[in-house]
Amino acid sequence: MRVMFAASEAMPLVKTGGLADVVGALPKALAKLGAEVTVVLPKYETIPQEIAEAAKTIAVTEVQLGWRRQYCGIQEVVVDGVRFLLIDNEFYFKRGQLYGYGDEAERFVFFSVAVLEMLDKLGRMPDILHCHDWQTGIIPFLLKTRYANRPGYRNIRTVYTIHNLQYQGVFSRELLQELLTTGDDSFTEDSLEFYGAASCMKGGLRFADKLSTVSFTYAREIQSEEYGEKLDGVIRQRSHDLWGILNGIDTEVYNPMTDPNLAVNYRDSLEKKRRNKLALQRELGLPEDAGVPLIGIVSRLTQQKGFDLIAEALSELLKERIQLVVLGSGEPGIEDMLRGALPANRDKMAIWFGFNEGLARRIYAASDLYLMPSRFEPCGLSQLIALRYRSVPIVRETGGLKDTVAPYNEYTGTGNGFTFGPPTAHDMLYTIRRALSFYGDAEHWERIVANGAKNDYGWESSAELYCKLYRELVS
Ligand code: ADP
């Protein structure tokens with residue numbers, strides 16, 4: 001089976017969040033099951049130089065966007081056994097960041113059309129074109145409309161995976177109509193139209209042959225008004241085509257036994273894990289104390305991740321005997337909130353603003369507890385990485401957090417973490433205090449950590465489900 005992934009980020013080339021982890025790891029797991037997977041990405045400036053230099057141009061084409069014809073180079077590079085194709089256009093992608101520009105619609109419509117134009121040039125069509133998130137939602141739409149009668153394209157089946165329903169790529173109808181050179185019929189309610197504007201995400205939801213999202217609970221939640229981001233009706237209509245398939249992590253990449261970023265490599269030894277805590281405390285200027293419970297957070301700083309609860313609970317939390325380490329970047333208001341707490345708590349709190357893969361790993365390794373009070377969470381990889389590094393997650397019961405973290409039950413000895421339901425600072429604080437009380441009891445603590453170690457959250461079983469989904473489509 002030939003599978004092509006189209007996405008806006010993938011490890012180890014470019015990453016801003018969990019999407020990159022998934023698009024980086026799933027192809028390797030699918031390859032082990034016999035699928036031939038290629039990943040198509042924009043050729044961003046931030047791709048590591050050695051990879052960018054190794055990429056060879058294999059074809060050149062042009063992409064029609066409205067009245068403009070734009071250059072499109074197609075480059076090929078193999079990284080860790082995965083074949084990547086890079087869509088090269090310096091005007092759109094040679095920029096300092098992946099996202100956040102005024103011409104986002106144009107950049108990703110260009111990318112979407114380029115992926116489809118490229119297929120003709122490559123000659124061999126994929127059986128499955130697997131698209132991810134709003135940046136590629138226009139691809140299933142185009143395949144069912146403009147490309148429907150183009151020879152070779154008819155047998156391609158599409159899967160569209162929702163990694164986060166909140167980011168939808170909604171633009172003015174005039175803009176998308178101009179970029180796509182389509183008539184009014186594309187902007188009806190059962191097409192791209194979205195409350196008077198146009199939605200790229202809806203292109204994927206309406207036109208892909210199958211839909212998937214990244215946990216069972218999120219698959220159910222997004223069909224409700226509360227979590228549906230105004231697309232719940234569209235998703236409900238397609239509920240029979242929607243699969244919830246839990247994300248895994250690349251257990252070779254996230255491996256505390258071999259991770260070169262750590263002070264001390266370990267598997268299950270809590271003593272060695274504590275040496276990583278001491279090293280991180282030294283690195284961040286915190287008092288060196290192997291016994292103090294260290295709570296870690298590695299996250300985009302957005303409201304989704306429950307930072308309003310953290311803001312409300314922070315001063316109370318910092319009265320506990322803990323250390324709190326936060327690594328993240330995002331909304332300035334959240335940065336200000338964290339920065340504001342720092343001067344009075346320098347012996348208890350350290351913050352690092354920005355993206356830092358090495359430090360992230362050291363925080364997972366050093367922390368005893370990992371806090372993730374998300375308001376919603378499609379899957380969440382951070383809690384899985386935390387578990388892999390033997391850090392105990394404290395999470396809100398939503399989406400993939402609910403599917404992967406089971407609350408510790410001191411009577412039955414089951415559970416790999418601590419969870420709370422209502423999204424309130426009070427419930428979060430209560431749950432953190434409960435976790436801290438068990439931290440003080442070695443027998444309970446070792447059991448909780450050992451429960452977390454029973455599953456390494458690799459990709460094997462989920463990759464099999466994706467294969468099953470693909471097989472249903474091609475048979
Ligand atoms: P999301 O995709 O919503 O951001 P996930 O938990 O699914 O959340 O995935 C986040 C991924 O990004 C994890 O691998 C996490 O370690 C990483 N990450 C988030 N923020 C940072 C940061 N500031 N520096 C390094 N890694 C980060």
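All figures in this text were calculated on a predicted structure; none of them were measured in a lab. Remember, it's 1-based here, ligands and their atoms both numbered in the order they're listed. FYI, the numbering just counts along the sequence from 1.
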Any heavy atom of I385 under 4.0 Å from ligand 1? The part involved is side chain
Residue, atom and distance of the protein heavy atom nearest atom 22 (C) of ligand 1 read F355 CD1, 3.5 Å
When distances are taken from atom 7 (O) of ligand 1, the protein heavy atom at minimum range is L381 N, 3.1 Å
Taken to the nearest 0.5 Å, the spacing of K230 NZ from S199 OG works out to 12.0 Å
Worksheet item: Taking the inter-plane angle between the rings of F5 and H132 on a 0 to 90° scale, is it parallel (under 30°), tilted (30 to 60°) or perpendicular (over 60°)?
Response: tilted
At under 4.0 Å between heavy atoms, what of M372 touches ligand 1? The answer is side chain
Note to self: Tell me whether R107 forms a cation-pi arrangement with F93, defined as NZ or CZ under 6.0 Å from the six-membered ring centre and within 45 degrees of its axis.
What the structure shows: no
Residues at least two apart in sequence or cross-chain that pass ring pair (Phe, Tyr, Trp, His ring centres under 6.0 Å) with F376, listed by chain then number, are none
Note: A360, heavy atoms under 4.0 Å from ligand 1, region reported as side chain
Under 4.0 Å between heavy atoms, the region of D21 that gets near ligand 1 turns out to be side chain
Rounded to the nearest 0.5 Å, the CG atom of L401 sits from the OH atom of Y218 at a distance of 12.0 Å
**Prompt:** Between R375 and D308, is there a salt bridge with N-O shorter than 4.0 Å?
**Reply:** yes
The closest protein heavy-atom partner of atom 8 (O) of ligand 1 is K305 NZ, 3.1 Å
So for H163 against ligand 1, with non-hydrogen atoms under 4.0 Å, the contacting part is neither
Item to complete: May I ask you to decide if the ring planes of Y470 and H130 are parallel, tilted or perpendicular, using 30° and 60° as cut-offs?
Response: perpendicular
protein heavy-atom neighbour closest to atom 10 (C) of ligand 1 works out as G18 N, 3.7 Å
D103 and R95 ion-paired at < 4.0 Å
yes
Say whether Q383, considering both its backbone and side-chain N or O atoms, lies within less than 3.5 Å of an N or O atom on ligand 1.
no
Backbone of A365 reached by a side-chain donor or acceptor of K273 within 3.5 Å | yes
ask   = Passes side-chain contact (heavy atoms from CB on, under 4.5 Å), F307 versus L301? Steps please.
value = CA-CA 7 Å; F307 280 97; L301 302 180; 3.4 Å; yes
One should read off an interatomic distance between T46 OG1 and K94 NZ, to the nearest 0.5 angstrom, of 11.0 Å
For T431, the side-chain contact (heavy atoms from CB on, under 4.5 Å) test, sequence neighbours excluded, returns I394, F418, F420
The protein heavy atom nearest to atom 18 (N) of ligand 1 is V298 CG1, 3.8 Å
Quiz item: Is there a heavy atom in G354 that sits closer than 4.0 Å to ligand 1?
Solution: yes
Residue, atom and distance of the protein heavy atom nearest atom 24 (N) of ligand 1 read N356 N, 3.0 Å
Ligand 1 contacted by Y364 (non-hydrogen, < 4.0 Å)
yes
With heavy atoms and a 4.0 Å threshold, my read on which part of P378 contacts ligand 1 is neither
Ligand 1 to Y254, heavy atom cutoff 4.0 Å, flagged ligand atoms 14 (O)
Q.
Less than 4.0 Å is my threshold; does some heavy atom of S299 fall inside it relative to ligand 1?
A. yes
Item to check | N or O pair under 3.5 Å between R300 and ligand 1 | outcome: yes
For atom 12 (O) of ligand 1, the closest protein heavy atom turns out to be K15 CE, 3.5 Å
